[in-house]
Amino acid sequence: MTGPAARSARTGTDKPESEAERRRRRAQFLRDLAEARALRARVQPRRAKAARLRHAMRMRTFRW
């Protein structure tokens, strides 16, 4: 079982998750997110291009 239900069940009975486990889950989430973005870019190229341009504009105007 994965997702929020599994996480709440695990934290209720077991010890808190280790740093390595948290990193592994985060890495998996980021891979899935990148895959979803790539799929969206293939399926809706015009919308994806507009999103890329908006993101580039945000990054240009962002003050560090």
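The figures here come from the full heavy-atom set of this structure, side chains too, leaving out hydrogens, waters and symmetry mates.
Minimum heavy-atom separation, A48 to A41: CB-CA, 3.5 Å.
Annotation: side chain to side chain contact (heavy atoms under 4.5 Å, CB included) contacts of S18 (sequence neighbours excluded): A20, E21.
A side-chain donor-acceptor contact under 3.5 Å links Q28 and R31.
Residues R26 and R23 have side chains not in contact (no heavy-atom distance under 4.5 Å, counting atoms from C-beta outward).
Exactly one residue among R42, E35, R37 makes a side chain to side chain contact (heavy atoms under 4.5 Å, CB included) with L39. That residue is R42.
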